[in-house]
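Notes follow once the structure below has been shown.
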There are 2 protein chains.
Amino acid sequence: MKDDRVSEAVIHRLPKYYRYLTELDSLGTERVSSAKMSKDTGLNASQIRRDFNCFGGFGQQGYGYQVKRLRNEIKNILGINRQYNAIVIGAGNIGQALIKYENFPREGFFIRGVFDVDKKKIGEQINGLAVQPLGALKKFLRRTPCQIGIVATPKRAAQETADFLVSLGIRAIWNFAPTEVAVDEGISIENVNLSDSLYVLSYRMNTDKMG
Amino acid sequence: MKDDRVSEAVIHRLPKYYRYLTELDSLGTERVSSAKMSKDTGLNASQIRRDFNCFGGFGQQGYGYQVKRLRNEIKNILGINRQYNAIVIGAGNIGQALIKYENFPREGFFIRGVFDVDKKKIGEQINGLAVQPLGALKKFLRRTPCQIGIVATPKRAAQETADFLVSLGIRAIWNFAPTEVAVDEGISIENVNLSDSLYVLSYRMNTDKMG
DNA sequence: TAGATTGTTAATCGATTAACAATC
DNA sequence: TAGATTGTTAATCGATTAACAATC
């Protein structure tokens with residue numbers, strides 16, 4: 001890692017590299033050049049080499065990159081070489097879908113608890129997890145340390161929920177409410193705004209038109 | 001609209017402007033300057049004016065922008081001044097959550113049907129919609145024209161599903177499978193990759209650390 | 001060694017920001 | 001008119017791409 005503030009553009013290409021290398025590895029491919037990666041992913045070969053070199057020199061001149069090694073380096077860089085515990089706040093549709101999503105545990109992300117303020121939802125079972133009142137969260141986190149707080153509340157509750165999670169020591173917020181949530185320096189945030197995504201699709205539909 | 005190939009960066013700021021102006025309007029604010037917008041959103045004032053001017057001059061020197069007018073212009077640009085019909089392919093967790101999500105109909109996006117290849121799921125009711133076999137889609141679209149196809153299948157089925165939708169005349173794909181889907185020129189695509197988003201959050205957690 | 005391909009420097013391109021003339 | 005603020009041109013900054021020397 002030589003890291004020198006890596007740009008957002010690079011960060012968002014990392015998962016794509018990781019997926020591609022996983023595919024390559026599962027196919028039994030042992031080595032790959034930036035030229036081949038370029039052909040397969042559509043990204044520029046210079047850019048690919050430059051991206052990797054943000055974190056260190058993983059290749060070898062005249063040879064290219066070892067698929068397994070490179071994949072593993074990127075896995076490390078992304079921090080997905082370990083397990084994470086998460087809690088969900090909000091037992092609505094989005095919260096439930098995330099709890100049931102099979103891919104997350106497969107990738108080392110485990111949702112350990114679900115919390116809601118709605119009394120009617122308390123006790124409800126979602127994928128083997130009983131919905132708990134938000135007031136039970138503090139004690140819960142003492143027994144089950146969690147790194148990630150997933151905000152799946154309505155818009156109006158999103159910011160206060162995030163603030164509450166941070167106050168309890170959570171250092172990463174994954175926000176699904178249709179509004180941006182602000183956090184202090186040092187706290188990680190990732191906003192997934194489905195409405196925004198749909199707006200962008202709508203924009204494209206009204207612009208992409210052609211043969 | 002003077003449009004001259006609007007950059008992705010601008011496109012992705014449009015929903016943010018729209019949300020902000022909606023908020024301002026609901027508060028009864030009638031006019032706003034780029035300086036005020038800059039203060040509230042954190043974006044640079046020059047950038048804001050430049051972004052709007054990709055589409056036309058919506059402001060007035062010495063006055064600023066009329067909130068209602070500007071909001072409406074952006075609504076038009078985004079194409080969310082009308083209604084859209086959509087179908088969901090894949091009645092799993094993600095598909096179900098999207099069908100139940102109350103915000104979409106509120107914003108003019110209506111999910112009219114849900115289809116799956118899994119015989120066990122056919123007939124199941126989701127929010128008043130019966131899951132249908134994929135074979136019934138062609139006929140369904142004749143009765144109920146849909147503009148958007150939502151891919152909520154497993155990874156392996158994503159590309160073929162998208163291709164099938166396009167073959168039936170769907171011109172916009174909203175893809176939730178954890179893999180990128182490629183479409184021809186002229187077809188709109190928006191990929192929402194939850195795993196990628198989680199990877200980025202994980203990366204941040206391992207980098208943001210500080211006070 | 002000759003060939004291949006990286007890592008890195010230099011050139012290009014595009015996006016952001018600053019500055020200011022136009023104008024309400 | 002004087003003041004405010006846009007729309008737009010010019011300057012800056014950063015990201016992408018090309019080129020090539022280093023080296024396996």
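Every chain is numbered from 1 and lettered A, B, ... according to where its sequence line falls, protein lines coming before strand lines.
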**Report entry** Pairwise 5' ranking along DNA chain C for B/G62 and A/G59, keeping only the more 5' one
**Finding:** A/G59

Query raised in the report: Considering heavy-atom distances to DNA chain D, does A/Y63 or A/V10 have its closest nucleotide positioned more toward the 5' end?
Result: A/V10

Validation: residues 17-26 of chain A side-chain donor-acceptor distances under 3.5 Å, sequence neighbours left out:
residue : atom : partner : partner atom : Å
A/Y17   : OH   : A/D51   : OD2          : 2.6
A/Y18   : OH   : A/R71   : NH2          : 2.9
A/R19   : NE   : B/D196  : OD1          : 3.2
A/R19   : NH2  : B/E180  : OE2          : 2.9
A/R19   : NH2  : B/D196  : OD2          : 2.6
A/Y20   : OH   : A/D40   : OD2          : 2.6
A/T22   : OG1  : A/Y18   : O            : 2.7
A/T22   : OG1  : A/R71   : NE           : 2.8
A/D25   : OD1  : A/K68   : NZ           : 3.0
A/S26   : OG   : A/E23   : O            : 2.8

Does [X] make a side-chain N or O approach to OP1 or OP2 of [N] shorter than 4.0 Å?
X	N	result
B/R13	C/dT16	yes
B/N53	D/dT6	no
B/Y65	D/dG7	yes

Query - Residue list, salt bridge (Lys or Arg N to Asp or Glu O under 4.0 Å) with B/R69, at least two apart or on another chain - result: B/E73

Integer-rounded Å distance: [N] [atom2] and [X] [atom1]:
X	N	atom1	atom2	value
B/F58	D/dT5	CZ	C1'	17 Å
A/E8	C/dT16	CD	P	13 Å
B/Q60	C/dA22	CD	P	18 Å
A/R49	C/dT5	CZ	C1'	7 Å
B/F52	D/dT8	CZ	P	15 Å
A/Q66	C/dT5	CD	P	15 Å
A/Q61	C/dA2	CD	C1'	16 Å

Query raised in the report: Is there side-chain contact between B/L43 and B/S38, with at least one heavy-atom pair below 4.5 Å?
Result: no

Query raised in the report: So, is the end of the B/R82 side chain (NZ or CZ) under 6.0 Å from the ring centre of B/Y84 and within 45° of the ring's axis?
Result: yes

Query - Where A/S202 and B/L78 come nearest, the two heavy atoms and their spacing - result: OG-O, 2.5 Å

Query raised in the report: Where is the tightest heavy-atom contact between A/G186 and A/R171, given as atom of each residue plus distance?
Result: O-NH2, 3.7 Å

**Report entry** Evaluation steps, side chain to side chain donor-acceptor pair (under 3.5 Å), between B/R112 and B/T144
**Finding:** CA-CA 8 Å; B/R112 301 300 189 186; B/T144 314; over 6 Å; no

Counting distance only, does the side-chain N/O of [X] pair as donor-acceptor with the main-chain N or O of [Y] below 3.5 Å?
X	Y	answer
B/Q83	B/G108	no
B/T29	B/R31	no
A/Q147	A/N85	yes

Query raised in the report: Which residue pairs pass the side-chain hydrogen bond (donor to acceptor under 3.5 Å, both in side chains) test when at least one of the two sits in residues 99-108 of chain A, sequence neighbours left out?
Result: A/Y101-A/N103, A/N103-A/R106, A/E107-B/S195, A/E107-B/Y199

Query raised in the report: When the ring planes of A/F115 and A/F140 are compared, do they come out parallel, tilted or perpendicular, using 30° and 60° as the limits?
Result: perpendicular

Requested in this report: Under 4.0 Å from any atom of DNA chain C, heavy atoms only: list the residues of residues 15-48 of chain A that qualify, in numerical order.
Outcome: A/R31, A/S33, A/S34

Within the sub-3.5 Å range, which N or O atoms of nucleotides 10-14 of chain C have a protein N or O partner, and how far apart are they?
none

Query - Estimated bend of the helix from C/dG3-D/dC24 to C/dC24-D/dG3 (axis per five terminal pairs, rounded to 10 degrees) - result: 10°

